[in-house]
Structures are given as C-alpha cells and as structure tokens.
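Data block below; observations after.
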There are 2 protein chains.
Amino acid sequence: MSAATGLLIGEFIRTVDRRYRLAIPPELCELLLATGSRLVIAKERSGCLSLWPAAIWQPRIDGAIEIMGSKLQAGLFAQRVGQLQELGRLLSTRHKIVSLKARSRLVVPEGFREFLGVQPDTELVVVGAAVCVELWQPAAWNACISSEMPEFRRRIDALTA
Amino acid sequence: MSAATGLLIGEFIRTVDRRYRLAIPPELCELLLATGSRLVIAKERSGCLSLWPAAIWQPRIDGAIEIMGSKLQAGLFAQRVGQLQELGRLLSTRHKIVSLKARSRLVVPEGFREFLGVQPDTELVVVGAAVCVELWQPAAWNACISSEMPEFRRRIDALTA
DNA sequence: ATAGAATTGGGCTTATATCCCACAAAAAAA
DNA sequence: TTTTTTTGTGGGATATAAGCCCAATTCTAT
C-alpha cells in the first residue's frame with residue numbers, strides 16, 4: 001500500500017514489553033530499511049520519538065559536525081569552543097543511532113524512555129509520518145490529534161473504543 | 001562510530017561510588033585520552049562539571065594568564081590588583097588536573113563534589129559535548145536540555161552559517 | 001477451517017556496571 | 001615515633017541489562 005507511494009503511512013498500536021522492546025509493523029519496516037539497516041532515533045516534542053533512515057537524517061547532522069571539526073582545526077578556539085560544547089551537548093542527547101533486532105523489534109534506548117514517557121508493558125502508537133516513523137505515547141498522540149486534526153478525532157475514538 | 005568524527009558524542013547514565021568514583025564510558029574515554037592521559041576537570045555552571053583533554057583546556061588558561069599579565073603591566077595597580085587577585089583565585093579553584101584510574105574511573109575531587117551537588121551512591125548523567133565530557137546532576141541536566149532544546153535548530157544554523 | 005505470518009513473551013548466553021572487600025597511603029591522634 | 005583512623009586505589013564477585021534465538025498465541029487471508 002504505502003510501498004507504492006514510497007511514503008511511510010499508517011497508524012498502529014503496539015505494546016512495549018518489559019524490556020522496552022517494540023515491534024515495528026512490516027509495512028513501515030520495509031520502507032524504513034530500504035536505504036540501509038542503520039536508523040536514527042530522535043527526540044522530538046516530549047511524548048514522541050521519531051525513527052529515521054540514517055541516510056535521511058545523517059546529512060542534517062553531518063554538515064554540522066563537519067563544520068564543527070573544521071572550525072576546531074582552524075583554531076578559532078576562544079570564541080567557538082563554547083558554541084561547540086553547547087551544540088555537541090545537544091547533539092548527544094537529541095539522537096542516537098540504532099538498529100532493529102530480531103522480528104524487526106526496536107529497543108527504546110535508555111535516556112529516551114523518560115522523554116517518551118513510556119512504562120514497561122504499556123501501549124504506544126506507531127505512526128508513519130511520510131519520511132519517518134513516530135512513536136507516540138497515547139495521551140500525547142491524542143492531544144496532538146485533537147489539536148491539529150479535530151475532524152479525525154471521531155475516527156480514532158471509534159477505533160480504540 | 002562517533003570516534004570516526006573525532007567529536008565526543010553520546011549520553012550515558014552512571015552511578016557514583018561511595019568514594020566518589022565514576023566510570024567513564026569506553027566510547028568517550030577513548031577519545032578523551034587520545035591526546036594524552038592528562039585531563040582537566042572544571043567547574044562550569046553549578047550542577048555540572050566538565051572534563052577536558054589538557055591539550056584543549058590549556059590555551060584557555062594561558063589566555064587568561066596572559067590577560068592578567070598585560071593588565072599588570074598596564075600600570076593601574078591600585079585599582080586592578082583587587083580584580084586580578086579575584087581572577088587568580090577563581091582560576092585556582094575553577095579547574096584541577098586529574099587522570100583516570102583503573103577501569104577508566106574518575107575520582108571527583110574534594111571541592112568539586114559540592115559544586116556538582118553529588119552524593120555518594122547516586123546517579124549522574126555523562127554527556128559528550130564535542131570538545132569535552134560533561135558530568136551533570138540529573139535534575140540540572142533536565143533543566144538544561146528543556147531550556148536549550150527549543151533553540152537547537154537556530155544554534156545549528158548559527159554555527160553552520 | 002486451515003495455513004501462514006505477525007506479535008509478543010520467555011529462556012539462555014554474554015557483556016558490563018556496580019557492589020563489596022582488601023590493601024596502600026596519608027593524615028590525625030596519642 | 002607509634003598507633004589509629006580516614007581516604008584513595010585495585011580487583012574479584014554479583015547483579016543487571018543487552019543480544020540472540022525459539023515458542024506460543026493472535027490475527028489475516030485464502
């Protein structure tokens with residue numbers, strides 16, 4: 001279905017097990033891994049994580065990192081070191097490279113669990129967002145939906161009821 | 001992986017020993033020691049300490065000392081001496097040369113513990129900040145990222161421009 | 001209804017962080 | 001000085017988590 005368009009589309013409910021493992025639906029999985037097995041998990045707004053093919057995400061940071069490296073070598077220390085430090089700190093916490101394990105399961109890494117606000121043995125909403133896959137805490141997802149797309153509210157309620 | 005970039009990147013949770021020892025994650029450790037085993041631990045904002053390769057930190061000290069020297073020569077003794085004294089005092093307590101012990105463990109020195117606000121047998125967040133490694137008290141870390149994260153995109157643009 | 005696939009739970013193995021104890025060195029007290 | 005106490009340091013042992021593979025239940029589609 002979505003494979004035809006080349007866009008990640010669809011909404012699924014999955015449970016996170018005691019070990020913070022989560023099965024990514026095959027439809028999404030296929031497209032996610034189309035460009036390679038390396039993925040990037042990133043913190044978006046709190047209550048939501050996003051999963052990107054590394055090929056798509058990486059250029060966003062590689063550019064920054066490359067420039068950071070060259071600035072370092074150029075010796076612009078005094079003024080730039082502080083900025084590099086700040087940026088590096090944010091890069092560290094914002095994303096992480098991961099890969100899917102057996103049965104195309106993702107383990108939500110330490111440090112991302114609290115941000116997502118997920119407890120073991122609870123449900124998550126897995127949403128295709130065209131270029132990436134998003135993992136939502138149900139409450140946050142509902143809030144997002146009802147604020148951005150009120151007309152879909154009824155459908156979701158009908159589905160989950 | 002991050003070693004390829006030559007930048008210290010990554011976020012980890014570690015616990016401090018009863019004797020204020022802390023194991024630095026291997027990924028960070030390797031890069032941190034790349035230019036030598038001498039490290040500098042420094043007080044940044046309260047709730048956070050940073051660990052620098054001495055080779056990178058040293059120019060900062062030299063710069064400050066140079067400024068002190070030139071101000072002294074500039075003559076205005078009476079007024080400046082007080083400020084210089086204060087600056088020198090800050091330089092003294094601000095940083096300390098340390099080295100990693102067995103199993104790449106760092107001992108948080110006396111005088112830095114209160115500043116970091118760490119108790120024995122508690123958790124810290126260890127963060128790669130491109131040019132150094134930072135040790136954060138969890139509460140302070142959360143406050144930091146939630147205040148700086150929204151500006152993240154702007155900062156990248158600023159640096160890459 | 002049956003077959004196939006998908007989801008999820010669980011066991012086992014391996015790696016590693018951390019707890020705990022032993023020793024060494026330094027400081028304090030006698 | 002000698003003794004006692006405190007603090008730093010190293011290394012073994014244990015617990016906890018990660019990774020890997022298989023089993024069982026659920027779901028879908030023929």
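The chains referred to below are lettered A, B, ... by the order of the sequence lines, with proteins before strands, and numbering in each begins at 1.
Considering only heavy atoms from C-beta on, A:Val40 stays 4.5 Å or farther from A:Lys96 through its side chain. Side-chain atoms of B:Pro25 and B:Arg14, non-hydrogen and from C-beta on, do get closer than 4.5 Å to each other.
When heavy atoms are screened at a 4.0 angstrom cut-off, B:Ala23 is found touching no nucleic acid atom at all.
Following rounding to the nearest Å, B:Arg14 (CZ) and D:dA17 (P) show an atom-to-atom distance of 13 Å. When rounded to the nearest whole Å, the span between CZ of A:Phe12 and C1' of D:dC27 equals 14 Å. Counting to the nearest Å, the P atom of D:dT16 and the CD1 atom of B:Ile13 are 17 Å from each other. Regarding A:Glu123, its CD atom lies at a distance of 14 Å from the P atom of C:dT7, rounded to whole Å. In this entry the distance linking CG of B:Leu106 with C1' of D:dT9 reads 13 Å, nearest Å. Spacing between atom CD of B:Glu110 and atom P of D:dT6 amounts to 15 Å, rounded to whole angstrom units. For the pair A:Glu27 CD and D:dT28 P, the computed distance is 11 Å after rounding to whole Å. Straight-line distance from the CG atom of A:Leu100 to the P atom of D:dA18: 16 Å, rounded to whole Å.
The nucleotide whose nearest atom lies closest to any side-chain atom of A:Ala102 is, among D:dT9, D:dA18, D:dC21, D:dC21.
Separation of atoms CZ (A:Arg21) and CG (A:Leu106) is listed at 11.5 Å; rounding is to 0.5 Å.
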What pairs of donor and acceptor atoms, side-chain ones from residues 110-126 of chain A against any protein atom, are under 3.5 angstrom apart with sequence neighbours left out?
residue  : atom : partner  : partner atom : Å
A:Arg113 : NE   : A:Val108 : O            : 2.8
A:Arg113 : NH2  : A:Val108 : O            : 3.2
A:Thr122 : OG1  : A:Gln119 : O            : 2.6

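The side chain to side chain donor-acceptor pair (under 3.5 Å) contacts involving residues 46-59 of chain A comprise A:Glu44-A:Ser50, A:Ser50-A:Trp52, where partners must be two or more places apart or lie in separate chains.
Rounded to 10°, the helix from C:dA1-D:dT30 to C:dA30-D:dT1 has 30° between the axis fitted to its first five pairs and the one fitted to its last five.
Every residue meeting the side-chain contact (heavy atoms from CB on, under 4.5 Å) condition with A:Ala129, not counting sequence neighbours, appears here in chain and number order: A:Cys132, A:Glu134.
Residues near B:Ile13 contribute nothing to a hydrophobic cluster around it, because no ILVMFWY side-chain heavy atom sits closer than 4.5 Å to its side chain.
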Legend entry - Base versus backbone protein contacts along nucleotides 19-28 of chain C [heavy-atom cut-off under 4.0 Å; B, S, -]: SB-B------
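Using a 4.0 Å cut-off between charged nitrogen and carboxylate oxygen, A:Arg89 and B:Glu148 count as a salt-bridge pair.
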